[in-house]
Amino acid sequence: DTGVSQDPRHKITKRGQNVTFRCDPISEHNRLYWYRQTLGQGPEFLTYFQNEAQLEKSRLLSDRFSAERPKGSFSTLEIQRTEQGDSAMYLCASSSAGGLLETQYFGPGTRLLVL
Amino acid sequence: TQLLEQSPQFLSIQEGENLTVYCNSSSVFSSLQWYRQEPGEGPVLLVTVVTGGEVKKLKRLTFQFGDARKDSSLHITAAQPGDTGLYLCAGGNYGGATNKLIFGTGTLLAVQP
């Protein structure tokens with residue numbers, strides 16, 4: 001396994017611009033999560049995919065946010081009309097099975113700064 | 001809304017000292033996980049505990065899940081500079097549509113040589 005990868009690692013954008021992040025999970029992991037982490041805080045759940053189906057979205061995910069996982073492989077998270085409050089680390093995690101002992105493997109994150 | 005509070009928020013100690021980090025909630029969780037996160041990286045899983053009262057040891061780290069499965073503690077013996085990082089507890093609820101994790105507020109540990 002090469003681990004979960006995320007691209008880009010860093011993104012600086014101006015308020016009002018759209019941004020898109022990509023997550024490549026560990027191959028054959030059918031479960032994929034997106035979390036958001038602001039400075040000094042723990043990650044907060046955003047959304048979850050099982051294969052290509054988006055099964056849960058947090059209330060944190062406003063209408064400006066959209067996530068996809070076509071073909072159940074990589075996933076993208078798009079933020080439209082970015083706001084300064086969107087500045088955070090966006091983390092992706094994947095796992096191969098559910099249950100009590102499920103292990104979510106996290107990627108290195110994409111750090112977004114909205115000016 | 002389920003919340004996990006960690007204490008202390010910050011901890012700066014000398015190499016060789018012992019420390020305990022606490023993770024508390026008013027909610028019951030099916031499982032409790034501890035992660036360590038280094039700057040600019042994603043969290044890395046240290047341990048998962050699932051049974052009330054369970055104790056797990058990982059070298060110098062000892063993890064305990066409370067009897068009522070609402071709280072947990074992490075004890076580090078003889079801390080080393082390599083233990084420096086952000087320690088996060090996270091609760092999971094098995095049986096729902098997802099195994100999304102509810103993360104605690106984090107404890108930033110700095111071990112001085």
Side-chain angles (χ1 to χ4, degrees), chain A residues 3-6 8-10 21 23-26 29-51 53-61 88-113, chain B residues 1-11 21 23-25 28-52 54 56 65 69 72 85-109:
Chain A
V4 178
S5 61
Q6 292 187 244
R9 293 291 305 273
H10 305 274
F21 309 141
C23 169
D24 285 273
I26 294 172
H29 276 192
N30 63 339
R31 303 165 74 97
L32 188 146
Y33 301 81
W34 284 98
Y35 293 85
R36 182 172 69 186
Q37 184 177 26
T38 53
L39 209 57
Q41 298 295 318
E44 295 175 292
F45 169 77
L46 291 179
T47 191
Y48 162 71
F49 289 86
Q50 186 163 323
N51 299 311
Q54 187 174 20
L55 296 186
E56 186 170 351
K57 295 195 312 185
S58 162
R59 282 173 291 179
L60 291 174
L61 218 62
M89 172 84 93
Y90 290 83
L91 292 163
C92 175
S94 71
S95 69
S96 59
L100 280 174
L101 295 177
E102 175 181 351
T103 297
Q104 295 184 23
Y105 295 88
F106 283 82
T110 294
R111 184 169 292 283
L112 172 66
L113 178 61
Chain B
T1 303
Q2 293 181 303
L3 294 173
L4 279 166
E5 295 285 339
Q6 286 185 238
S7 62
Q9 275 190 290
F10 304 99
L11 195 54
V21 177
C23 174
N24 295 295
S25 176
V28 175
F29 289 96
S30 302
S31 67
L32 202 294
Q33 299 183 331
W34 283 92
Y35 289 81
R36 189 174 85 186
Q37 184 177 23
E38 300 196 12
E41 300 296 329
V44 175
L45 181 66
L46 296 173
V47 78
T48 301
V49 285
V50 300
T51 306
E54 181 176 3
K56 279 193 175 179
F65 201 10
R69 290 185 289 126
S72 180
L86 178 67
Y87 287 82
L88 295 159
C89 64
N93 291 301
Y94 179 62
T98 84
N99 268 354
K100 68 183 179 189
L101 295 171
I102 308 297
F103 278 88
T105 46
T107 295
L108 188 58
L109 171 66

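So you know, we letter chains A, B, ... as the sequences are listed, proteins then strands, and number each from 1.
Here the side chains of A:Tyr33 and B:Leu101 are not in contact, with every heavy-atom distance at 4.5 Å or above.
Between B:Lys100 and A:Glu44, none of the side-chain N atoms (NZ, or NE/NH1/NH2) sits under 4.0 Å from a carboxylate O, so this pair counts as no salt bridge.
If you tally non-hydrogen atom pairs under 4.5 Å between each of A:Met89, A:Gln37, A:Arg111, A:Gln41 and chain B, the highest count goes to A:Gln37.
The two residues A:Leu91 and B:Gly42 make their nearest non-hydrogen contact at CD2-CA, 3.9 Å. The shortest heavy-atom contact between A:Pro43 and B:Leu88 is CD-CD1, 3.9 Å. Pairing each heavy atom of A:Arg9 with each of B:Gly40, the nearest pair is NH2-O, 2.8 Å.
If you measure heavy-atom distances from B:Leu4 to chain A, you find no contacts under 4.5 Å at all. At a 4.5 Å heavy-atom cutoff, B:Phe10 makes no contact with chain A through either its backbone or its side chain.
Heavy-atom contacts from other residues, nucleotides or ligands closer than 6.0 Å to CZ of A:Phe45 number more than 12.
Taking CZ of B:Phe103 as the start and OH of A:Tyr35 as the end, the distance is 5.5 Å to the nearest 0.5 Å.
With B:Gln37 contributing its side chain and A:Gly42 its backbone, the two residues share no donor-acceptor pair below 3.5 Å.
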